[in-house]
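When a ligand or atom number is given, it counts from 1 through the structure's own listing order.
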Amino acid sequence: MSSIEALKKSIEELKNELSVTIVAHYYQKDEVYEIADITGDSLELAKRAKESDSEWVLFCGVGFMGQSVKILAPQKRVAMPKIACCAMARMIDSTYFDESVAAMVEAGIPKEDILPITYINSGAEVKAKVGQMGGAVCTSSSAVSIIQKAMESKKKILFVPDRCLGQNVARKMGLKSAVIGIDKPQEIAQADIICYNGFCSVHQLFTLKDVEFFRKKYPGIKIAVHPECDPSVCEVADFVGSTSQIIKYVQSLPLEQKVAVGTEYNLVHRLRSKNTYVLSSTKPECPTMNETTLEDVYNTLLEIQKGNPINEIHVDEETIHWAKVALERMFAYLEA
Ligand code: 13P
Ligand code: SF4
């Protein structure tokens with residue numbers, strides 16, 4: 001038995017003994033992904049992890065994902081083998097959030113006419129601010145539905161932190177968008193969706209030139225991308241969707257259909273058949289998603305067994321309260 005297989009076996013035994021649910025995002029390394037009880041996109045992981053019946057959730061992903069489980073199910077104990085941070089989520093904090101609201105007010109939009117929506121890729125404090133202002137969380141798969149619902153309020157949407165997701169949803173819905181710090185105050189005042197200028201450095205790697213390269217090399221190829229990609233890329237793609245939606249789309253294509261996929265490397269590599277390509281000549285690896293190793297998973301389980309847990313997620317009560325309001329609003333909007 002290889003050392004990886006031996007480690008997987010030990011993890012399996014320990015996990016069952018301790019009644020721990022292991023959750024992994026699609027961007028995790030293959031060997032980590034393979035030992036998980038629950039896998040999925042951010043929306044599915046948030047939903048399913050809070051519903052699991054074990055006391056402990058071991059979340060293999062990035063910080064905001066583990067935090068979301070803790071917020072939705074505060075009675076659960078959540079640990080992460082590595083407290084890895086999503087770089088985009090780190091681009092905004094509560095001060096920058098307040099400054100974005102102030103920039104909209106300066107552009108002539110009264111504070112009571114602003115409805116904030118935060119992408120789930122944000123810290124608990126930002127989610128709490130959004131909850132307090134009557135807003136909601138969205139994920140890449142729920143963004144269009146959430147913004148559709150939010151628009152019924154007739155308010156201006158402040159969308160944080162992903163500029164690209166905000167712009168892509170606006171384009172899809174035929175709405176006007178503007179970006180704080182880039183567009184002029186009049187453009188902000190006239191826009192329906194006002195985006196914070198955050199982005200994912202991994203998804204910025206996919207460019208229009210990559211799309212042109214693949215279309216020229218393989219006429220008839222399909223292009224599937226994540227909505228964190230630049231609007232210029234999403235506009236020309238055949239399919240734009242969350243990680244789960246991309247997987248379903250690629251699997252629905254006939255085997256002989258070539259497809260180039262613009263999202264994180266581990267997911268695309270796992271999908272890879274003869275006719276599936278990574279839409280970039282630069283390896284699109286999310287550095288923090290790749291920090292978690294099988295050894296980390298094993299060691300974190302061992303520390304739980306010893307009664308000395310490491311990397312446990314803690315969020316203060318007030319923040320949990322308001323961040324939960326924003327997350328639960330997303331589920332309520334989706335059910336409405
Ligand atoms: P999904 O919600 O599509 O899983 O995306 C999460 C993410 O971080 C993409 O970069
Ligand atoms: Fe964050 Fe980008 Fe990594 Fe997704 S791929 S976790 S958005 S840094």
Side-chain angles (χ1 to χ4, degrees), residues 23-29 32-33 36 38-49 59-69 72 80 82-92 117-123 126-127 136-147 159-166 168-169 195-206 224-230 233-234 237 239-250 261-271 278-280 282-292 327 330-331 334:
V23 179
H25 187 262
Y26 291 125
Y27 292 168
Q28 291 291 295
K29 290 176 192 299
V32 173
Y33 175 83
I38 300 176
T39 57
D41 68 10
S42 312
L43 181 63
E44 293 159 347
L45 293 182
K47 255 199 223 159
R48 292 182 57 204
F59 207 115
C60 308
V62 282
F64 75 83
M65 296 180 170
Q67 244 185 8
S68 296
V69 179
L72 285 165
M80 300 188 70
K82 274 271 163 64
I83 308 259
C85 287
C86 162
M88 182 208 288
R90 295 293 289 263
M91 287 180 187
I92 188 165
I117 302 290
T118 181
Y119 189 23
I120 197 166
N121 296 36
S122 56
V126 171
K127 291 188 178 80
V137 170
C138 76
T139 66
S140 56
S141 62
S142 67
V144 172
S145 312
I146 299 301
I147 299 228
F159 191 85
V160 303
D162 188 9
R163 175 194 74 224
C164 296
L165 182 60
N168 286 323
V169 172
C195 306
Y196 185 82
N197 194 13
F199 57 89
C200 166
S201 47
V202 180
H203 287 86
Q204 293 293 300
L205 284 176
F206 309 108
V225 299
H226 194 276
E228 287 174 14
C229 291
D230 194 82
V233 172
C234 292
F239 183 82
V240 182
S242 76
T243 49
S244 277
Q245 292 166 338
I246 289 178
I247 294 170
K248 282 193 198 105
Y249 172 74
V250 172
V261 183
T263 196
E264 210 275 341
Y265 180 82
N266 287 333
L267 183 158
V268 187
H269 188 253
R270 211 173 288 130
L271 269 180
V278 179
L279 182 67
S280 177
T282 306
K283 190 178 184 189
E285 188 175 285
C286 175
T288 48
M289 278 282 186
N290 276 273
E291 276 180 30
T292 305
L327 274 159
M330 165 173 73
F331 294 121
L334 292 176

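Each of the following atoms of ligand 1 lies closer than 4.0 Å to a heavy atom of Ser242: 3 (O). Close contacts of ligand 1 with Tyr27, meaning ligand atoms under 4.0 Å from a residue heavy atom, involve 7 (C), 9 (C), 10 (O). The atoms of ligand 1 that sit less than 4.0 Å from any heavy atom of His226 are 1 (P), 3 (O), 5 (O), 9 (C).
Using a 4.0 angstrom heavy-atom cutoff, His203 counts as in contact with ligand 1. Within the structure, ligand 1 lacks Glu264 among the residues with a heavy atom less than 4.0 angstrom away.
Between the side chain of Lys127 and the backbone N or O of Ser122, at least one donor-acceptor pair lies under 3.5 Å.
Leu45 and His25 make their closest contact through CD1-CA, 3.7 Å (heavy atoms, listed as atom of the first residue, atom of the second, distance). When all heavy atoms are compared, the tightest approach of Gly66 to Met80 is CA-SD, 4.0 Å. When all heavy atoms of Phe206 and Val233 are compared, the closest pair comes out as O-CG2, 3.3 Å. Here the shortest heavy-atom pairing between Cys229 and Cys164 reads O-CB, 3.4 Å.
If you check which protein heavy atom lies closest to atom 4 (Fe) of ligand 2, you get Tyr27 CE1, 3.8 Å. When only non-hydrogen protein atoms are considered, atom 8 (O) of ligand 1 lies nearest to Asn121 ND2, 3.2 Å. Nearest to atom 2 (O) of ligand 1 among the protein's heavy atoms is Ser42 OG, 2.8 Å.
Under 3.5 Å, the side chains of Ser142 and Ser145 contain no donor-acceptor pair of N or O atoms. Side chains of Ser242 and Ser244: no donor on one and acceptor on the other come within 3.5 Å. Of the N and O atoms on the side chains of Glu264 and Asn290, at least one donor lies less than 3.5 Å from an acceptor on the other residue.
Residue Asp41 has no N or O atom closer than 3.5 Å to an N or O atom of ligand 1.
Residue contacts with ligand 1, taken as heavy atom pairs separated by less than 4.0 Å, involve Glu228 solely via side-chain atoms from C-beta onward. Contacts with ligand 1 closer than 4.0 Å are made by no heavy atom of Thr139, backbone or side chain.
Note that OG1 of Thr139 and CG of Leu327 are 10.0 Å apart. Values are rounded to the nearest 0.5 Å.
Each protein N, O or S atom less than 2.8 Å from atom 1 (Fe) of ligand 2 was counted, giving 1.
In terms of the ring-ring contact (aromatic ring centres under 6.0 Å, His included) criterion, residue partners of Tyr265 (sequence neighbours excluded) are, by chain and number, His269.
For the pair Val23 and Val69, the minimum side-chain heavy-atom distance is 4.5 Å or more.
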